[in-house]
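Just so we're on the same page: letters track the sequence lines, and every chain starts at 1.
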2 protein chains.
Amino acid sequence: MLLELVERLANLMRAELRKAGSDESLQPVHLHAMIYLAKANRYSNTPQALTAYLGLTKGTVSQTLLVLDRRGLIERYQDDVDRRVVRLRLSTSGEQLLYEAQPALAWQNATRNISPNRIRNATSALREALATLQDDNEGAMFGECTSCAHCQKLSQRIYRCGLMGDRLSGPETRRLCWLYDARRDETG
Amino acid sequence: MLLELVERLANLMRAELRKAGSDESLQPVHLHAMIYLAKANRYSNTPQALTAYLGLTKGTVSQTLLVLDRRGLIERYQDDVDRRVVRLRLSTSGEQLLYEAQPALAWQNATRNISPNRIRNATSALREALATLQDDNEGAMFGECTSCAHCQKLSQRIYRCGLMGDRLSGPETRRLCWLYDARRDETG
DNA sequence: CGGTGATGGTATCGATTCGATACGATTCGC
DNA sequence: GCGAATCGTATCGAATCGATACCATCACCG
């Protein structure tokens, strides 16, 4: 029952994405990729991370990125340390397009009348399901530092990723990371 | 946040469907359609209802059904009263395949450790979001008679659909219907 | 009845996604 | 340094998907 709901909601939102992108003749995948890039942190703005996020093969994702690049919606640049790695970011016109498309608008309307508390509860239940599902598939988890096991607080505003060893600013900790490790449940 | 979870869960389940169908070289859509047909009631076993359910165009769905028909997984037969209408049902080999594929198994594992109460709460929240979303898109709602505004109880075991005027057996009321109208919230 | 429009499905076409495979460039282990 | 592994790209073929046109049937209306 819950599974059905999740699938139907996702189908509808996919249809929304299709509608939102049709003006610019963009496919749902393209918008989905752009939405991801708008939220990914410094460790996660690569084709590899995007591939894990979308659940597709790297060849497929490479083509998607090719389209976005040709349209000038993203920029690709080389990593400094590992020159095999390509890093991605939205161009200004990409950000602009995403801002105008407002792909999440329909969802916001749909959930406006649901109490924050119920939303929180539903979120935590789904998050748990997702964690188990991804464990089984050995897939990356994708989450924010605020609830990541690697995150250490150095001072009022400065954090540190215990896995990568970098210092992170406050805003950076609120971006999406594919190295995310779910924090142990403290209430257990 | 909740939207992301829904989308990622749906992506993963879609990947599960792909894996489950790859042995038989069936695409996710094919399995999805079969899953629907396994649960649809007498008003909802048509290409039109399936089209609404999947959120695709009728041409696309027609092709999907063509594949399933050629593979002998479904049967098509004409409606008695309206001869334009085609009705669909799983063939025995279709049922067999669906039974062996167990597409929902991964999901069941993922939600096994979540308390029934939390599942219920999450379900109701998502159901509400879905209702609003579908209202906005003028899409069909899809639900069971047990919570449908048209459903009337005639006796211990016999029900009646107030919209279509037919009598329904108990099992029939637990199937999926695209004429579903969400019952007014009785707790309001 | 006959005719006009609406409706349920199908057929065809082109654009696009997607996976599989092969490949080039770079890095790492030894 | 040399071979193996890794990150990304390129190419090819199969399949989805939407748009459009089309056919058969039904509903409406004199």
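Residues A:Arg118 and B:Ser124 bring a donor and an acceptor atom of their side chains to less than 3.5 Å of each other.
Per the geometry, CG belonging to A:Leu17 stands 16 Å off C1' belonging to C:dT16, to the nearest Å. In this structure, CG of A:Leu54 is placed 10 Å from P of C:dG19, rounded to the nearest angstrom. Remark: P of D:dG8 and CG of A:Asp79 are 9 Å apart, rounded to the nearest angstrom. Taking atom CG on B:Leu56 and atom C1' on D:dA15, their separation rounds to 14 Å, with Å as the unit. Atom CG of A:Asn11 and atom C1' of D:dT16 are 14 Å apart (whole Å). Taking atom CG on A:Leu88 and atom P on D:dC7, their separation rounds to 14 Å, with Å as the unit. In this structure, CD of A:Gln78 is placed 13 Å from C1' of D:dT9, rounded to the nearest angstrom. B:Asp80 places its CG atom 12 Å from the P atom of D:dC26, with the value rounded to the nearest Å.
For the pair A:Arg167 and A:Tyr159, the NZ or CZ position fails the cation-pi test of under 6.0 Å to the six-membered ring centre and within 45 degrees of the ring normal.
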Scan nucleotides 1-15 of chain C nucleotide by nucleotide, 5' to 3', and note B when protein non-hydrogen atoms come under 4.0 Å of the base, S if they reach only the sugar-phosphate, - if neither.
-----BBBBBB----
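Residue A:Arg83 has no polar side-chain atom (N or O) positioned under 4.0 Å from OP1 or OP2 of D:dC7. Residue B:His30 has a polar side-chain atom (N or O) positioned under 4.0 Å from OP1 or OP2 of D:dT16.
Within the nucleic acid shown, B:Val67 has no heavy atom closer than 4.0 Å to any nucleic acid atom.
With respect to A:Asp69 and A:Arg76, a salt bridge is recorded, a charged nitrogen being found less than 4.0 Å from a carboxylate O.
Relative orientation of the B:Tyr53 and B:Tyr36 rings is tilted, given thresholds of 30° and 60° on the angle between their planes.
Panel note: side chain A:Tyr180, backbone A:Ser147; a donor-acceptor pair is recorded below 3.5 Å. Here the side chain of A:Ser25 pairs no donor or acceptor atom with the backbone of A:Gly21 at under 3.5 angstrom. Between the B:Arg175 side chain and the B:Ala38 main chain, a donor and an acceptor come within less than 3.5 Å of each other.
Here the nucleotide nearest the side chain of B:Val29, chosen from C:dC18, D:dC17, C:dG19, is D:dC17.
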